[in-house]
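Scroll down for the structure; my scribbles are underneath it.
As the structure lists them, so they are numbered: ligands from 1, and atoms in each ligand from 1. Just so it is clear, the values below take in all heavy atoms, side chains as well, and ignore hydrogens, waters and symmetry mates. Because the structure is a prediction, the values reported are computed rather than measured.
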Amino acid sequence: MELVNLKDAQDTASFSEAVKRGLGKQQGLYFPTHIPKLENIDELLEMPFVERSIAVLRAIIGDELNNGELEEIVTTAFAFGAPVEQVSDNIYTLELFHGPTLAFKDFGGRFMAQTLSRISEGKPVTILTATSGDTGAAVAHAFHGIDNINVVILFPKGKISALQEKLFTTLGGNIHTVAVESDFDECQSLVKASFDDPDIREGLHLNSANSINISRLLAQVCYYFEAVSQLPKEKRDQLVISVPSGNFGNLTAGMIAKSMGLPIKRFIAATNANDTVPRYLKTGEWAPKKTVATMSNAMDVSQPNNWPRIEALIEQGYVDKSCLKGEMVDEEYTQLAMRQLAQLGYTSEPHAAIAYRAVSHDLEDGEIGLFLGTAHPAKFRETVENVLGTPISLPKPLADVAGEDSLAVDLPASYDALKQHMLDLLKA
Ligand SMILES: *Cc1c(COP(=O)(O)O)cnc(C)c1O
């Protein structure tokens, strides 16, 4: 596989190089120079999830990760399924929250962790990342117990839900968590300052594991194939997929799957009030506004960092622009959608509900809709209970950690303090 930096055509990378670097020069995103069109889609759709995912990834990645490595990576990473549930006559959902941290980010996080541990060949690596919730938990679980890789996760003290915090601060071992006495933006600035500091970047071999890493996207391509494989055959060619979007990684992966020949008729990019993309698709003007806080907080993003990849897929002719529509769903309609789903006998949370609202609103005669269920409703327990007025129970991964002690260290929002802490922890 060869990738090229979308901001600098001279900056190319193999798959392994792109995984290790994350971002290219000038903060540019790596993008495949060629996306293969698969000829054996029907045959692939008959295969079990793990076996099919290996075949799909082999077709994209090519001959890197040889000698059984890709097989091992996928088998370890995709140790849980992605079931499709029918919620109404013509609408289905793909549940992506059956992994250890109950959100779709487990797929990409685990695939990246397994890949990085093999391609770094025993050399020490430090993953440094800031989180406002889901990413930190997925990354922490994915890398927990992997030799030679240390993980440092910064989060704003007291600003994420207690349960979410427990999911990643109770692991210990190679997972180091820091409660920063400030907000999420400050955590991100501290991460940036660390990457700008050669003592830390080179001294500790930093990698960010964030959602722009190509390995995370490629892993996500696989569950779109899984979704289509579970739908009734006679309906497959009329499929509309609605993706609840923040940084637009999930949608990029779906459009790569379509580029490879997976029969998806069109996509809906569903957002909350942070609607830069739906407005852009309507007006042609890229005009991000200040980010606003919503119930679907994992989608509170007004400058989605994967968007250039979607533009590239369209410009390079892999998918037609007409296959993508944007839809903004406000807080009132998000709640309404959660209640409508509850009436259909399906308990959902705000992110998936936005995608449900968008597709149920937009579906045309003869089409069938599928929305992505990106998180387990218990992860947003308070909101879900408030909106639906009924208690929901905790699934095992959350119940297990609820009573455990947080191992996070408190630090002020100071780069010097963070630097000293990381050097004490990690410099052998
Ligand atoms: C991260 C996240 C999203 C947004 O996904 P993107 O790939 O960033 O568009 C949606 N829902 C949930 C629950 C998430 O955690």
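When His351, Gln220, His376, Lys105 are ranked by how near their heavy atoms come to atom 14 (C) of ligand 1, first place goes to Lys105.
Residue Pro244 places a heavy atom under 4.0 Å from ligand 1. Close to ligand 1: Phe104, with a non-hydrogen atom less than 4.0 angstrom away.
Summary of contacts: the protein heavy atom closest to atom 12 (C) of ligand 1 is Thr374 OG1, 3.4 Å. Closest to atom 4 (C) of ligand 1 among all protein heavy atoms lies Gly246 N, 3.6 Å.
Aromatic ring pairs are classed by plane angle as parallel below 30°, tilted from 30° to 60° and perpendicular above 60°; the pair His351 and Phe380 is tilted. The aromatic rings of Phe15 and Phe111 sit tilted, their planes meeting at an angle between 30° and 60°.
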Next on the checklist: Show, in sequence, the C-alpha distance, side-chain angles and deciding distance for Ser117 and Thr115, and conclude whether the side chain to side chain contact (heavy atoms under 4.5 Å, CB included) test is met.
Outcome noted: CA-CA 6 Å; Ser117 91; Thr115 300; over 6 Å; no
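For a threshold of 3.5 Å applied to N or O pairs, the pair formed by Glu349 and ligand 1 contains no separation below that value. Polar contact with ligand 1: present for Phe248 (N/O pair, distance under 3.5 Å).
Of all atoms in ligand 1, listed by their number and element, those nearer than 4.0 Å to a heavy atom of Asn250 are 7 (O). Near Asn247, the atoms of ligand 1 lying under 4.0 angstrom from a non-hydrogen atom of the residue are 6 (P), 8 (O), 9 (O). For ligand 1, the atoms lying closer than 4.0 Å to a non-hydrogen atom of Gly249 are 6 (P), 7 (O), 9 (O). Close contacts of ligand 1 with Ala375, meaning ligand atoms under 4.0 Å from a residue heavy atom, involve 13 (C). Applying the 4.0 Å criterion to heavy atoms of Ala298 picks out, from ligand 1, the atoms 2 (C), 12 (C), 14 (C), 15 (O).
Rounding to the nearest 0.5 Å places CG of Leu313 at 5.0 Å from CD1 of Ile35. In this structure, Tyr224 OH and Ile241 CD1 are separated by 6.5 Å, a value rounded to the nearest 0.5 Å. Leu344 contributes atom CG, which lies 14.0 Å from atom CZ of Arg339 (distance to the nearest 0.5 angstrom).
Tested against Phe195, the residues Ile200, Leu206, Leu23 include a single side chain to side chain contact (heavy atoms under 4.5 Å, CB included) partner, Leu206.
The backbone N or O of Val292 lies less than 3.5 Å from a partner atom in the side chain of Asn274, making a donor-acceptor pair.
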